Protein chains: 2
Amino acid sequence: MRLRSVFARNLRLLRQATGLSQEQLADLAGLDRNYVGKLEREENSPTVDTLEVLALALQVDVEKLIRRNGP
Amino acid sequence: MRLRSVFARNLRLLRQATGLSQEQLADLAGLDRNYVGKLEREENSPTVDTLEVLALALQVDVEKLIRRNGP
DNA sequence: AACGTTTGACTACTATAGTAGGTGGCACTA
DNA sequence: TAGTGCCACCTACTATAGTAGTCAAACGTT
């Protein structure tokens with residue numbers, strides 16, 4: 001399983017666990033709403049800079065976003 | 001410390017630990033020689049796709065590349 | 001039925017990741 | 001001296017990450 005797919009799944013799970021919409025998370029992370037959607041649909045491979053701001057917005061360790069066994 | 005910097009340091013340490021030159025690592029990972037140099041100099045933020053191929057080439061877990069306490 | 005919220009999907013754009021070729025410097029070895 | 005490997009650095013290019021606006025489908029709520 002590609003790391004991009006692992007990330008996509010964990011991102012969605014963590015976002016939903018915090019009760020945030022894609023748009024709310026995007027605002028918190030300083031990203032675009034459409035882009036968060038693309039990440040969850042595995043259409044984009046985020047840079048580590050983006051990984052960092054998303055982890056910060058979700059208040060989790062970056063590791064949780066790319067763990068293959070789920071966050 | 002920015003995640004990009006953590007990655008840069010770990011990449012160089014792991015590459016040197018395996019005795020590879022930047023060019024040898026680039027060839028193994030299917031990347032450009034100059035680009036590996038830029039990553040180690042913190043001039044670029046790699047995507048998770050790139051993270052994955054580098055980890056594969058170095059035969060380490062992706063987590064080791066972004067660990068803040070060193071690989 | 002109608003309403004608001006969320007998300008997928010599309011187009012078009014800008015910023016940056018990643019490629020390719022080169023120069024020059026530094027260390028080492030013949 | 002010459003010759004190699006390694007790396008910083010440069011320019012220019014192509015591919016893709018990331019932004020912005022919009023439309024419509026799916027959902028629950030009243």
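Order of the sequence lines sets the chain letters (A, B, ...), proteins ahead of strands, with each chain counted from 1. Here the structure is a predicted model, which means the values were calculated and not measured.
With rounding to whole Å, A/Arg12 atom CZ is found 14 Å from C/dT6 atom P. If you take NZ of B/Lys38 and C1' of D/dA12, they are 10 Å apart, rounded to a whole angstrom. Counting to the nearest Å, the P atom of D/dC6 and the CG atom of B/Leu20 are 10 Å from each other. Atom P of nucleotide C/dT5 and atom CD of A/Gln16 are separated by 19 Å, given to the nearest angstrom. To the nearest angstrom, P of C/dA9 lies 14 Å from CG of A/Leu39. If you take CG of A/Asn44 and P of C/dA9, they are 14 Å apart, rounded to a whole angstrom. Put simply, CG on A/Asp49 is 12 Å from P on D/dT19, counting in whole angstrom units. Rounded to an integer number of Å, the gap from B/Asp32 CG to D/dC10 P is 16 Å.
Between B/Arg41 and the phosphate of D/dA8, there is a side-chain N or O to OP1/OP2 separation shorter than 4.0 Å. An OP1 or OP2 oxygen of C/dT5 is reached within less than 4.0 angstrom by no side-chain nitrogen or oxygen of A/Arg33. In this structure, B/Arg15 does not reach the D/dC6 phosphate: none of its side-chain N or O atoms is under 4.0 Å from OP1 or OP2. Taking 4.0 angstrom as the limit, A/Gln24 places none of its side-chain polar atoms (N or O) nearer than this to OP1 or OP2 of C/dT5. Contact annotation: A/Gln22 side-chain N/O to C/dG8 OP1/OP2 distance is under 4.0 Å.
The closest donor-acceptor contact from the side chain of A/Asn44 to the backbone of A/Pro46 lies at 3.5 Å or more, if one exists at all. Side chain of B/Thr47 to main chain of A/Ser45: no donor-acceptor pair is present (N/O by atom type, distance under 3.5 Å, no hydrogens or angles). Looking only at distances, no side-chain donor or acceptor of A/Gln59 sits under 3.5 Å from a matching main-chain atom of A/Leu56.
B/Asp32 has no carboxylate O lying under 4.0 Å from a charged side-chain N of B/Lys38, or vice versa, which leaves the two without a salt bridge. Taking a cutoff of 4.0 Å between a charged side-chain nitrogen and a carboxylate oxygen, A/Arg12 and A/Glu40 qualify as a salt bridge.
For A/Glu43, whose side chain is taken as the heavy atoms from C-beta onward, the closest listed nucleotide among D/dA17, C/dA9, D/dC9 is C/dA9.
For A/Asn34 against C/dA9, a side-chain N or O and a base N or O form a donor-acceptor pair under 3.5 Å.
Along DNA chain D, the nucleotide nearest to B/Gly37 and the one nearest to B/Thr47 differ in position, and the one closer to the 5' end is contacted by B/Gly37.
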